[in-house]
Chemist: 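This is the structure I have questions about; it appears just below.
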There are 2 protein chains.
Amino acid sequence: MSTAERRAREKAQRRREILDAARKEFFEHGFSRPTMDDVAARAEVSKGTIYLYFASKEEILAHLLLEGLDLLLSHMEAALAATLSATAEAALRALANAYLDFFQSHPSYFRLIMAFDRGRFGESIPPELFQQVLDESLRGLTLVARTIEAGQASGEFRVDDAWQAAGSVWAALNGVLVLMAHPLRQQMLKSDLQTMFQATMDLVLSGLRAGTVDPADG
Amino acid sequence: MSTAERRAREKAQRRREILDAARKEFFEHGFSRPTMDDVAARAEVSKGTIYLYFASKEEILAHLLLEGLDLLLSHMEAALAATLSATAEAALRALANAYLDFFQSHPSYFRLIMAFDRGRFGESIPPELFQQVLDESLRGLTLVARTIEAGQASGEFRVDDAWQAAGSVWAALNGVLVLMAHPLRQQMLKSDLQTMFQATMDLVLSGLRAGTVDPADG
DNA sequence: GGCGATACTGAACGCCCGGTCATTTACTGA
DNA sequence: TCAGTAAATGACCGGGCGTTCAGTATCGCC
């Protein structure tokens, strides 16, 4: 009996080793360049072995993507948990900073998430994985939307549709990260990512406070 | 003498034909899938001929990219020209709508611009073309920055740094387009691109009017 | 009419790579 | 000890594709 258990443990371990090797390869050399042979060499197994654990190259990437989303979500949830009793604005700032942190600490995961968003996979990965990714994605947006709803309730934010506002906030922050990812942009705008990110957050928060209804009035 | 001129005309014409064929192929099937054989077949020339007019596949894409940027800039400039004597807010809305129009009328050019932004080329294309792309890109941002400066001057907008604000605005609008490009997103947020785009623009404008300095005060 | 120049052609080159499967190796329980 | 099984191997397959270049066709001028 214990033999079977050990076997299962070893199998899981091997799988993890392959995933670790793939992560290193992909994060070091981009998501296209590395070949299955590269990953195999790094994992110190033969190429055939990889296919005993994963159905395809894309499936490996899909698993890494899920890792990244999990990490991002846990960052965001931790940030929210730490500001439970604060104002909605503070909570929203905490969420945004968690996203910025994630971008800076795990740029490759960020790039992978963006690649998925662009439809890099979508075909050719198991629908069940695909659904998981969508669910995680939705959970993230939900955190933002709920925070904005709290701000609506407390009167901090004057917006009609919290989900729409959440979409705008997410789009704006994401937009800054994508835009400023390029060093050339930082040159063009003569400011760095941090500064631009905070400025955008300030702008958006100012908009949320002022509300988009009845611009001239309070 | 006229012979040489005709020759030159014909050469330019052939070049245009190849570019037209490449545009169709790339816009129909994505920027990677089509092969040089596909482009050649579509242009009704042999593959070798293409290399008499372009140095590489990437260079062709770079020229298409420039076309796209030109088109976008002319849209934006036309929009600005039509609102010369209006408020800064109206002008900024006109710019934004021009961008939205561009996205909707020429989605493939938009995707190409985004691909460049991601660094899809950057290596392997002539530095002179690369520089041209950066210049155009900067011109676009300049239009936004100047408009915001006008709003600063007129007192419509309360921001310290017009360029920074321009970056935020650009990032936010770009972010919405990228975010909502996916049909799944529209489902998640239960609203369409148009609505989200306008909502984001409203939010951002509200922020510009309110200013990001001294939040509680006017 | 023929010669040089210019334009064009497409077979061939060189290289890359994801995925498969017959075979070998390692282990285990009787 | 050995047969049965699970795991691992890596040569091989089938395909793809950007780029080159030796050879061919076309044109215009003397």
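Every chain is numbered from 1 and lettered A, B, ... according to where its sequence line falls, protein lines coming before strand lines.
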Chemist: Roughly, in whole Å, what's the span from CZ in Arg15(B) to C1' in dA7(C)?
Modeler: 16 Å

Chemist: Rounding to a whole Å, what distance do you find between Phe31(B):CZ and dC17(D):P?
Modeler: 17 Å

Chemist: Base, sugar-phosphate alone, or nothing: which one does Thr35(B) contact when heavy atoms must sit under 4.0 Å apart?
Modeler: sugar-phosphate

Chemist: Could you tell me whether Tyr53(B) contacts a base, only the sugar-phosphate backbone, or nothing, with contacts defined as non-hydrogen atoms closer than 4.0 Å?
Modeler: sugar-phosphate

Chemist: Nearest to the Lys11(B) side chain among dT9(C), dA7(D), dA7(C), which nucleotide is it?
Modeler: dA7(C)

Chemist: Looking at dC8(C), I'd like to know if its phosphate oxygens (OP1 or OP2) sit under 4.0 Å from a side-chain N or O belonging to Arg14(B).
Modeler: yes

Chemist: Take atom CD1 of Ile50(B) and atom C1' of dA7(C), then tell me their distance rounded to the nearest Å.
Modeler: 15 Å

Chemist: Expressed as a whole number of angstroms, how long is the span from Asp37(A):CG to dG19(C):P?
Modeler: 12 Å

Chemist: Among dA7(C), dT19(D), dA7(D), which is the nearest nucleotide to the side chain of Leu52(A)?
Modeler: dA7(D)

Chemist: What is the distance from CD1 of Ile18(A) to C1' of dA8(D), rounded to the nearest Å?
Modeler: 10 Å

Chemist: Looking at Tyr51(A), I'd like to know whether one of its side-chain N or O atoms comes within less than 4.0 Å of OP1 or OP2 on dC21(C).
Modeler: no

Chemist: Relative to each other, are the rings of His106(B) and His75(B) parallel, tilted or perpendicular (30° and 60° limits)?
Modeler: perpendicular

Chemist: Grab the CD1-P distance between Ile60(B) and dC17(D) for me, whole Å please.
Modeler: 15 Å

Chemist: Without decimals, in angstroms, what is the distance between Lys57(B) NZ and dT20(D) P?
Modeler: 15 Å

Chemist: Looking at Leu189(A), Thr200(A), Val176(A), which one forms a side chain to side chain contact (heavy atoms under 4.5 Å, CB included) with Ser168(B)?
Modeler: Thr200(A)

Chemist: What integer distance in Å separates Glu10(B):CD from dT6(C):C1'?
Modeler: 12 Å

Chemist: Thinking salt bridges, do Arg93(A) and Glu89(A) make one under a 4.0 Å N-O criterion?
Modeler: yes

Chemist: Report yes or no: is the cationic atom of Lys57(A) (NZ for Lys, CZ for Arg) closer than 6.0 Å to the six-membered ring centre of Phe31(A), at no more than 45° off its axis?
Modeler: no

Chemist: Counting distance only, does the side-chain N/O of Asp38(A) pair as donor-acceptor with the main-chain N or O of Thr35(A) below 3.5 Å?
Modeler: yes

Chemist: Tell me whether the side-chain N or O atoms of Lys47(A) pair up with the base of dT9(D) as donor and acceptor below 3.5 Å, since no angle test is needed here.
Modeler: no

Chemist: Using a cut-off of less than 4.0 Å, is there contact between a side-chain N or O of Ser46(A) and OP1 or OP2 of dA8(D)?
Modeler: no

